[in-house]
Structures are given as structure tokens and as C-alpha cells.
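The structure under discussion appears below in the form of C-alpha cells.
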Amino acid sequence: MTLVSRVAVSAAVSGRLVRTPISGAALLDAVAHETAGAQTAFLGAVRDHNAGRAVTGIDYAAYEPMADAELAAIAAEAAERWPGVRIAIEHRIGTLAVGEISVGIAVAHAHRAPAFDACRFAIEAIKARVPIWKREHYVDGTRAWVDASTAGAAGAPTTGATP
Amino acid sequence: MTLVSRVAVSAAVSGRLVRTPISGAALLDAVAHETAGAQTAFLGAVRDHNAGRAVTGIDYAAYEPMADAELAAIAAEAAERWPGVRIAIEHRIGTLAVGEISVGIAVAHAHRAPAFDACRFAIEAIKARVPIWKREHYVDGTRAWVDASTAGAAGAPTTGATP
Amino acid sequence: MSLELLKRTDHDVRPRAPARGRVAFPTRDYVARMRVSVLLFASYADALGPGPLPLELPAGATAADVVTALRARPGAVALPPAPMLAVNARWAAPATALADGDEVALLPPVAGG
Amino acid sequence: MSLELLKRTDHDVRPRAPARGRVAFPTRDYVARMRVSVLLFASYADALGPGPLPLELPAGATAADVVTALRARPGAVALPPAPMLAVNARWAAPATALADGDEVALLPPVAGG
């Protein structure tokens, strides 16, 4: 798999990994259409804290060909489940600073209910089945993989608190 | 009431009428925060059709002081109902062309569920209780107020089909 | 509805109109008649005129009385049996008692978004 | 598990591995052993090495057999009882039968978003 680097998102239904900054505006532009009066977006950004620890950045790693394919599959499934949905999904990998966007989803449809539902479906599916992992950087210089299987466990450098 | 014209949205909780183009990116920027890993947005754009008729543009009119106050109240209610929500709402009035954004909502929160729920709440509340009306322009040069009370009625130049 | 002097009743607790544009009367608590300003929007404005429409009403009048008064005017056929109302820019029930200087708006079904 | 020549069974219908990297055997239908490539990610890679790890398995081996083979290695304590698996970049159950040249990935609980 080759990661496409920063070309305009253009397909009406797309999902992919990227290594470069994600633009919510570009994703919305990609799905906008004169027939689609409703647009929704979800952006996930690196938070400055998690499970009570101050976070300074996150490394996102992926099983790249599989993650890329799963992102495309999720977009296709959304378009199949909500006919007429136009959707663009990007998940970034690499090292991100606090505030940077790790995942972006934009959806357009003639009506708002499918636009909201498809957007929510996409982020839930991404969190459930796209093989991406994150390693948090803490202020003391240590790093740890976020263990989603113990999400919410007190004390551990883990998260139920993924945005 | 004075319409604030194109100043940056800055308050963490805001809702207002505007007369100038709405930028989804600016709304998202306004709510972004290092503590808020989840951002959602809803944009309503003028569609090229409604109830089977080709639409070329829409005049949005409002009971301005009341609409401005209701938009602010809806933002405040969202922030009260989902503590920690940061929200920016703008509804545009005046004449809009197809594709232009009539309403924009951006929400940020540490977690995605409240970010989605507050965004959805805001657009539903706007459609239910903010005194704004729209007059569609048709290709034959005629114009008609969209009568939301007969939404979905066949034949009439009306809409249940608001995005 | 009586045209006589009426004491304001205690249940009349809606927010007062803004001072702006309010007509001063000799006393605060006893008024015989009052003036309100009626606003019309969208299809209602097309049918009845854009307003604002000054309207004189007996003291004690309600928002519903404004609608009744308008029914005598040309174009009133555009009004539904119970149009939605706002008093001083807040949603109001038809039974809302009015005060001198109030701004009463008749609102077609909203269609924002 | 037998090391003898085994005929492929009809239920072995998963998608075949991409031709890329696949080892050619004298015949298509009869193989004694096969080679797979094992990928490890995140905490599993930290514990067991980054891979890809070449692994030789008896014909008829399943994805679960890959996990069993890895348990002999240093760092294997990091693996849970039943790690999630992918075969050729698709989610796969532990019972999934493998073919020569398959790429088997052990995936920690995903944490994207």
C-alpha cells in the first residue's frame, strides 16, 4: 500500500490513512454537493490529558494496508447503509502534537438524520475495527501504548476516554 | 439588536445571527481546545431542489432580536445539558445562493458522545423554535415562503425536506 | 372585554416590555387602554403588510386579542386559527396578558436551518 | 497436527494470499509444510520484536497455531490468551486455516480515533 500524501480528497465515498495534517474544511469541501443540504463532521484531536495524566503528544501506528482498507470499507458501508451519503474519512498516523487532528470524517446528505447517523457510525466503526494503535507521550518523558482493552481502568496509562 | 458582522467567534458558548458567509472551519476553530478531543459540526447548505422543484436560491428572514436570542439560548442550554460542551452556532440571514451555508454548528468536548448529542440537539432546536423563515427562488423566477407547517405535503412548494 | 379601568392582576407576571418605545401613562398601575406594536413576518407580512402595526387594545387584553383584532383586516385569511405568538421577543401562549408598550409578534411556522 | 502430506479440505475457502512473496511448491494441492509471515504491532511488537517473523508450520495449520508457536518465544507473556488476528490484512477467527505465503498479524486491541 502506498499512502497518498496530501492530494485533494475528491471521491464521494472515501476512506484512507494519511501521514500529513488533516483538514476538516477540506473533508467537508470534498463531500459538499448541491444536492446535499446537510453536512456533518467529526474530528478527533489529541487531548492534553488522558486517564489523569498530562499528555504531550501521541504516536499513531497502524497495520497500514489493513487500516487503509478498513477505512475505505467503513466509508463504503456507510454509503450502502444510508443511500445518498457522501463521506470522506481520513486517519492520520505518525507523531501528533496536542491539538492536532488524528481522525476526520465529513458526511453530506440531502437530510440531516442520515448525515449524523453515518458520521457517528463511521467513528464508532473506526474505534472498533481499524488496526491503529496509539502511544502516548507523558510530561516525564515516558511513553506507553494505550491499551484499549483495559479502557477506563483506574491508574493505568490507558483510556476509556478516547474522544 | 445589532448584528455582529464577521468578527471572530471566540466565546466557548455562543449563538448568533449573521449576515455574512459562515465558515465551518472558523466555527470549529472557535470551539477547539486542548482538553477537547472530540469535535463535531453540522452545516446546513442551500440545496438545488426541494419538494421536487429546482431551487436557485433562498431568502432567509428572521425576527432578528428574538432569533439572535434563541440561538444564544440554545447554545447555553446545550452547554448546561452536556457539561463541558463548547459550542458555536451561527445562522445566516439574507439571500443565499445554492451551496451557501445557512446554518453552522460546531461542538467540542472531551468525549464524542456529548459532542454528537449536543450538535444534534442544537440543529433540532433551531428548526423547532428559532423564528427564521425561508423564501425559495425557483427557476421560473417565482418565489415562495417555505411553509414548515405543511412540510412534506405533495405538490406544495414546501418542505419536510429541510436538511 | 371591559373598557373600564382595570387593576393589573397579580398573575400578570410576564417580563415587561423594554422601556424603548413605551408610551408613558399618568399612573403605572391603572390604565384604561394600551398600545402594543404588532410584528408580522414572512407569509403573514405578505398578506397583512410588513408592520410594525400599532394597535390600541383595552387594558387586560391578551396576545390572542391581538390576533382577533387582526382578523378584521384585509389579508387576514392567511392567518391560521391559532398562529404562534411572541411577546417582547419571547414565545408566548395566546392567554398571555399584555402590557402597554408590548411588542407582539405573529410567527408563521419557523423554517430555519 | 500431522506432518504428512495433507489434501486441502474443501472448507478451506478463505481468500488466498497475494501472489507476492508466496513460495512456489511443486504442486498446488499437496503441501507438507508452509511458510507464513507473522506481523506484530504496538505492545506486541515491543515484547516480541517488530517482525515480520517468518514461521514454518505444518500444512493445515490455523491462525491459532501461529499464536501457539509464538508462545515459546521470549516476551510472549505480553500476549493475551486469545489475541485478535488478521490473515492477509483481514480480520480472521483463530480457526482460520492458513495457506503457504499467508501474512498473519497479531493485533492488540485497536485504539484509533
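Proteins get letters first, then strands, A, B, ... in listed order; numbering begins at 1 in each.
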Side-chain touch B:T35/A:D48, heavy atoms, less than 4.5 angstrom: yes
Here the gap from A:R120 atom CZ to B:D117 atom CG, rounded to the nearest 0.5 Å, amounts to 6.0 Å
The residue among B:H111, B:H33, B:E34 that forms side-chain contact (heavy atoms from CB on, under 4.5 Å) with A:R47 is B:H111
For the residue pair A:F42 and B:F116, is the inter-centroid distance of their aromatic rings smaller than 6.0 Å? yes
Residues forming a side-chain hydrogen bond (donor to acceptor under 3.5 Å, both in side chains) with B:R129, sequence neighbours excluded: B:E70, B:E77
With sequence neighbours left out, what residues match B:A41 under side-chain contact (heavy atoms from CB on, under 4.5 Å)? A:A41, B:L28
Testing the basics here: between B:A36 and A:A45, what is the closest heavy-atom pair and its distance to 0.1 Å? O-CB, 4.3 Å
